Amino acid sequence: MLEAELETAVALSYAAGTLICDYYRTEFETEEKLGADNFYEPVTAADRAASRLIVDALSAEFPSDAILSEEEKDDVETRLAAERVWIIDPIDGTAGFVKKDGDFAVQIGLAIAGEPVLGVVYMPAHGILNYAVRGEGAFESVDKGEPRRLAVSDRDELSILRLAMSRNHPSARMSRVIEHFGFRDITRRGSVGLKVSLIGRSECDIYIHPSPRTKLWDTCAPQVILEEAGGRFTDLFGKRMRYDRPDLQNWDGIVAANSTAHPLAIQHLAPLLVEFGRVPHSSDVPKSRDFSTGAN
């Protein structure tokens, strides 16, 4: 199932990774763009070039599919009318790309009827490719070598969980989460996809992101990979992410974890969310304007 789609997405992630690394080795310029949340964020020529490479190829290969890319204008009407939507972040973790710390990824996801069914996350600076198709497992290939199956851990004692958290966007609220859970083993890395990959290979157990600033392209591909590795990926309230909505923003944050720890984490988070004044977002609830934490 979806063999052609997976083959195309993997090939495009490698091609985009090569293009991105050509820029990475040079002294490129960084600009500021106004994001979908009306906050400025970094963008480079590499982001735009990688986006065009992926979007043009997918449009040619699957002309009836809709495409959403961070670096392209969102045609909302066409996207919501389509059964199949490719969701792309040409460089997830642009801050890491700009800093040249290696923590960035090419992310290509496919959602069908709002459900993520295919995901590819390629981390070119590390030579690591993660990929999954719904119902077929998640896999990792290093330096284009033989794929190995990904599987999450089974740790379920909250205080000993290994936390993946943002390297580039520390926040007071995340510090409060760490204190509340008693996390001691913490890995700080950039890119949503990269941090989720640490859970998929059992190097970390949980990723909590309280910020409302991630978008659909940050989470689509990582979600299906983690779920196929045996994990769970929801918002802070335990609600499943969907990708057939007009609003691009993940207003209710992210909790990604192994399937044993996830429900315990959601339960343990509940009093913190009350403390933070967070309520589940809906079209009937005014959008929170607290953007005190960053995108990944």
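Given the structure is predicted, the values throughout are model-derived calculations rather than measurements. We use all heavy atoms of the structure for the numbers below, so side chains are in, but hydrogens, waters and symmetry mates are not.
- Side-chain contacts under 4.5 Å among hydrophobic residues (ILVMFWY), followed directly or transitively, place Val76 together with Leu80.
- Within 6.0 Å of the CD atom in Glu203, the count of heavy atoms belonging to other residues, nucleotides or ligands exceeds 12.
- Taking the salt bridge (charged side-chain N to carboxylate O under 4.0 Å, His left out) definition, one finds that Arg79 meets it with Asp74, sequence neighbours left out.
- Remark: Glu136 engages no residue in a salt bridge (charged side-chain N to carboxylate O under 4.0 Å, His left out) (not counting sequence neighbours).
- With sequence neighbours excluded, the residues forming a ring-ring contact (aromatic ring centres under 6.0 Å, His included) with Phe139 are Tyr131, listed by chain and number.
- Listed by first then second residue, pairs satisfying salt bridge (charged side-chain N to carboxylate O under 4.0 Å, His left out) with a partner in residues 57-66 read Asp65-Arg84, not counting sequence neighbours.
- Residues satisfying the side chain to side chain contact (heavy atoms under 4.5 Å, CB included) test with Arg176, not counting sequence neighbours, are Glu179, His180, Leu272, Glu275, Phe276.
- Partners of Glu228 under the side-chain hydrogen bond (donor to acceptor under 3.5 Å, both in side chains) rule, at least two apart in sequence or in another chain, do not exist in this structure.
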Under 3.5 Å, sequence neighbours excluded: what are the donor-acceptor pairs made by side chains of residues 9-21?
unit_1 : atom_1 : unit_2 : atom_2 : d
Ser13  : OG     : Val10  : O      : 2.7
Thr18  : OG1    : Tyr14  : O      : 3.1

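- Evaluation of the side-chain hydrogen bond (donor to acceptor under 3.5 Å, both in side chains) rule for Arg52 yields Asp56, Glu72 as partners, not counting sequence neighbours.
- Criterion: ILVMFWY side-chain heavy atoms under 4.5 Å apart, direct or through other members. Under it, Leu68 and Val192 are part of a common hydrophobic cluster.
- Residues forming a side-chain hydrogen bond (donor to acceptor under 3.5 Å, both in side chains) with Thr260 (at least two apart in sequence, or on another chain): none.
- In the model, Thr234 has a side-chain atom that pairs as donor or acceptor with a side-chain atom of His262 under 3.5 Å.
- With a 4.5 Å cut-off on side-chain heavy atoms, Arg201 and Ile128 count as touching.
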Which donor-acceptor pairs under 3.5 Å do the side chains of residues 99-124 make with protein atoms, sequence neighbours left out?
unit_1 : atom_1 : unit_2 : atom_2 : d
Lys99  : NZ     : Asn168 : OD1    : 2.8
Lys100 : NZ     : Tyr24  : O      : 2.9
Lys100 : NZ     : Thr26  : O      : 2.7
Asp101 : OD1    : Asp103 : N      : 2.9
Asp101 : OD2    : Arg167 : NH1    : 3.2
Asp103 : OD1    : His126 : NE2    : 3.4
Asp103 : OD1    : Arg189 : NE     : 3.3
Asp103 : OD1    : Arg189 : NH2    : 3.0
Asp103 : OD2    : Arg167 : NH1    : 3.1
Asp103 : OD2    : Arg189 : NE     : 2.9
Asp103 : OD2    : Gly190 : N      : 2.9
Gln107 : OE1    : Gly193 : N      : 3.0
Gln107 : NE2    : Trp217 : O      : 3.1
Gln107 : NE2    : Asp218 : O      : 3.3
Glu115 : OE1    : Arg240 : NE     : 3.0
Glu115 : OE1    : Arg240 : NH2    : 2.7
Glu115 : OE2    : Arg240 : NE     : 3.4
Glu115 : OE2    : Arg242 : NH1    : 3.2

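- With sequence neighbours left out, Phe237 forms a ring-ring contact (aromatic ring centres under 6.0 Å, His included) with no residue at all.
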